[in-house]
J.: 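The structure under discussion is supplied below as structure tokens; questions concerning it will follow.
Hydrogens, waters and symmetry mates are skipped; everything else that's a heavy atom, side chains included, is used. In what follows, every chain begins at residue 1, and chains take the letters A, B, ... in the order their sequences are listed.
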2 protein chains.
Amino acid sequence: MATGRTHRPATRSRGIPEATVARLPLYLRALTALSERSVPTVSSEELAAAAGVNSAKLRKDFSYLGSYGTRGVGYDVEYLVYQISRELGLTQDWPVVIVGIGNLGAALAGYGGFASRGFRVAALIDADPAMTGKPVAGIPVQHSDDLEKIINEDGVSIGVIATPAGVAQQVCDRLVAAGVTSILNFAPTVLSVPDGVDVRKVDLSIELQILAFHEQRKAGEETSAEEGPDAGAEPEAAAVAPPAPRGATGSTGRKGPDGDVPAVMPA
Amino acid sequence: MATGRTHRPATRSRGIPEATVARLPLYLRALTALSERSVPTVSSEELAAAAGVNSAKLRKDFSYLGSYGTRGVGYDVEYLVYQISRELGLTQDWPVVIVGIGNLGAALAGYGGFASRGFRVAALIDADPAMTGKPVAGIPVQHSDDLEKIINEDGVSIGVIATPAGVAQQVCDRLVAAGVTSILNFAPTVLSVPDGVDVRKVDLSIELQILAFHEQRKAGEETSAEEGPDAGAEPEAAAVAPPAPRGATGSTGRKGPDGDVPAVMPA
DNA sequence: CCATCTTTGTGCACGCGTTCACAAAGACAT
DNA sequence: ATGTCTTTGTGAACGCGTGCACAAAGATGG
């Protein structure tokens, strides 16, 4: 039972690399902005700058879609907007349900980015009876008892989970059983789904921790300016005594990659 | 001026690959859950299942941190929690400011995942004078005029941008100028930052579009079951007439990778 | 019609990340 | 102490993604 990621293993969908797919929305946004300013054409260089990527990468990305673009001129903005929209499946309407209307769920319900691109909030669902009927962002909240009915009636295939972590898996199971095949998960849990179901995770806490890592590294570098190609700069946080390994019988010295704490165990 | 990503180009921070760093929080979460259940040790297989990754990958990830773990037994949960926390820089306190207290900003302010891991909401900042002083999630909102002062006084190095896209770059610039070196951006814009500043992006709209792509592909596969190694299943959305390239003078037939629309231009 | 100039599209090489598969290490029983 | 059994740690192979650099394509001017 594959727990977690369920993307096509290597079956690159119709030849378009996953990394490229992930950038298409970025290009689309930049192109839309140009379109609104009535810019007729754009070069790969300009568009790449607007999207924050390398121009070679952008050209290669577009080459997977086909030979749009005119040498010596650039890309036709309107045409490209259409092609990318079509490729991403944004020319059709995607009904979406949001489950879990707490602070975050409510914020998502009111997020403008939904409606703008073919996504339509079909329903807001919450388990709290007190919420039922209450309008959030203009849409009345429905009770989770009706989850299956809602999904079937509206033909919903994309679900957003904004519940507490504790119930996320249950909600996920119900969504999948009801026919949802794509899930955007905001709950801090690893969701287990059957093959054929895509899960994407948005995890604030993880993002912050990654930033903290780099931040710490920057702070460490600063103090120990230059002292070798790989001197790693052990941060000062080692003031806290590390817990020692529990089942350790022998006294096999712990060895970090750069001379770590030598496992003096306090217990 | 590097617009966008600003991660270490190839200077893998102290030898820990970026991909590994991104997974450490995942492991940490699983380990914390085990710790709360007082589980003393865990094997790479078990932990990998809990974190939703391959066990070999997990072992390799840990090998970058050092030789923790005991062969034949597994990893000591408490010890590993400490080591990963330390590596991620979570043993110290990270004051964080959230700029833009709309729906999303308010939801973030109330998010429990902050406090749990060394992150402390130092201030909520909004440009709307009507918000100033109003408590959100127990913290009074401060006016953006005081942004620089707040950051300096509290030694804030991590900023969260939850403003509308239009002002995100300006806010970003002010944050950076005031000394912030890590930014978590929720605004749907590409931020331009100087070297040495890390930006991570959380973009709901992009995630949904990626899901839509895969969803469309699944739907297409379904209808055209099997008809060749590369027959790509053109979706039915082509009912909408595509805009033709604008500056096209000649009638150079557009050729998509799988026989696209032949650029009949209506104008 | 030809020359020049711009910009695309892509072949190629390189590096990172993933996965396999196995030897080494240690726990545990006898 | 010795053997067996479990699980780690990692060498090696592979595949994907990225970026360089350039040839081909077409626009534009004379």
Side-chain angles (χ1 to χ4, degrees), chain A residues 2 4-5 7-13 15-24 40-49 52-76 79-80 245-257, chain B residues 2 4-5 7-13 15-24 40-49 52-76 79-80 245-257:
Chain A
R5 235 340 58 82
H7 275 144
R8 237 55 57 247
T11 316
R12 280 196 318 207
S13 346
I16 301 183
E18 188 60 29
T20 295
V21 172
R23 279 188 295 267
L24 289 182
T41 61
V42 66
S43 72
S44 65
E45 205 74 47
E46 292 166 327
L47 186 53
V53 302
N54 185 303
S55 72
K57 195 187 303 193
L58 179 141
R59 286 198 301 275
K60 180 148 294 201
D61 283 341
F62 285 174
S63 78
Y64 291 115
L65 305 185
S67 241
Y68 314 140
T70 308
R71 295 175 194 231
V73 176
Y75 299 91
D76 181 89
Y79 188 66
L80 204 46
R246 194 187 279 240
T249 48
S251 60
T252 327
R254 295 281 168 188
K255 41 159 182 40
Chain B
R5 239 332 66 81
H7 276 143
R8 236 56 56 246
T11 317
R12 281 197 318 210
S13 347
I16 301 183
E18 188 59 31
T20 295
V21 172
R23 280 188 295 267
L24 290 181
T41 62
V42 65
S43 72
S44 65
E45 205 74 47
E46 293 167 326
L47 186 55
V53 300
N54 186 303
S55 72
K57 194 187 303 193
L58 179 141
R59 286 198 300 276
K60 178 143 291 199
D61 282 342
F62 285 174
S63 80
Y64 292 114
L65 306 185
S67 242
Y68 313 140
T70 308
R71 295 174 193 231
V73 175
Y75 299 92
D76 181 89
Y79 188 66
L80 203 46
R246 195 186 280 239
T249 49
S251 60
T252 327
R254 293 282 170 189
K255 42 158 181 42

J.: Tell me whether the OP1 or OP2 atom of D:dT7 has a side-chain N or O from B:S44 closer than 4.0 Å.
T.: no
J.: Report yes or no: is there a donor-acceptor pair, N or O only, under 3.5 Å between the side chain of A:K60 and the base of D:dG19?
T.: yes
J.: Under 4.5 Å between any side-chain heavy atoms of A:Y75 and A:E46, yes or no?
T.: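 The answer is no; the side chains never approach within 4.5 Å.
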J.: Which nucleotide sits closest to the side chain of B:T70: D:dT18, D:dG17, C:dG26?
T.: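 Among D:dT18, D:dG17, C:dG26, the one nearest the side chain of B:T70 is C:dG26.
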J.: Rounded to the nearest Å, what distance is computed from the CG atom of residue B:L58 to the C1' atom of nucleotide D:dT8?
T.: 11 Å
J.: For the pair made of CD1 in A:I16 and C1' in D:dC16, what is the distance, rounded to whole Å?
T.: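 Rounding to the nearest Å, CD1 of A:I16 and C1' of D:dC16 are 16 Å apart.
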J.: Between A:V73 and A:D61, who's closer to the 5' end of DNA chain C by nearest nucleotide?
T.: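 Nearest nucleotide further toward 5': that of A:V73.
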J.: Starting from the 5' end of DNA chain D, give me the residue, A:G72 or A:T20, whose nearest nucleotide shows up first.
T.: A:T20
J.: Starting at atom CG of B:L80, determine the distance to atom P of D:dT8, rounded to an integer number of angstrom.
T.: 11 Å
J.: Write out a two-atom table: protein N or O, nucleotide N or O from nucleotides 21-23 of chain D, distance below 3.5 Å.
T.:
{"unit_1": "D:dA21", "atom_1": "N6", "unit_2": "A:R59", "atom_2": "NH2", "d": "3.4"}

J.: Among C:dT8, C:dG26, D:dC20, which nucleotide has an atom closest to any side-chain atom of A:N54?
T.: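 The answer is D:dC20.
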J.: Got a second to check how far A:K57's NZ is from A:S44's OG, nearest 0.5 Å?
T.: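 So the NZ of A:K57 and the OG of A:S44 are separated by 13.5 Å.
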J.: Measure the spacing between CG of A:L80 and CG of A:D76 and express it to the nearest 0.5 Å.
T.: 8.0 Å
J.: For a quick check of understanding: with a heavy-atom distance under 4.0 Å over all strands, which category does B:Y75 fall into, base, sugar-phosphate or nothing?
T.: sugar-phosphate
J.: Taking the side chain of B:S63 as heavy atoms from C-beta outward, which of D:dT10, C:dA27, C:dG17 is closest to it?
T.: D:dT10
J.: Do the side chains of A:I16 and A:L65 get nearer than 4.5 Å, heavy atoms only?
T.: yes
J.: Measure the spacing between OG1 of A:T41 and CG of A:L47 and express it to the nearest 0.5 Å.
T.: 11.0 Å
J.: Please round to the nearest 0.5 Å and tell me the distance separating atom CZ of A:R59 and atom CG of A:N54.
T.: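 Separation between the atoms: 8.0 Å.
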J.: By nearest atom, which of the nucleotides D:dA12, D:dT18, C:dT8 is closest to the A:R23 side chain?
T.: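 Of all the options, the side chain of A:R23 is nearest to D:dT18.
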J.: In whole Å, what is the span from the NZ atom of A:K57 to the P atom of C:dG11?
T.: 19 Å
J.: To the nearest angstrom, how far is B:D76 atom CG from C:dA27 atom C1'?
T.: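 Taking atom C1' of C:dA27 as the reference, CG of B:D76 is at 15 Å.
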J.: In degrees, rounded to 10°, what is the bend between the two ends of the helix from C:dC1-D:dG30 to C:dT30-D:dA1, using five pairs at each?
T.: 10°
J.: Take atom OH of B:Y79 and atom P of D:dT8, then tell me their distance rounded to the nearest Å.
T.: 16 Å
J.: Whole-Å distance between C:dT7 C1' and A:F62 CZ?
T.: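 Between C1' of C:dT7 and CZ of A:F62: 14 Å.
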J.: What is the distance, to the nearest angstrom, from the OH atom on A:Y64 to the P atom on D:dG17?
T.: 7 Å
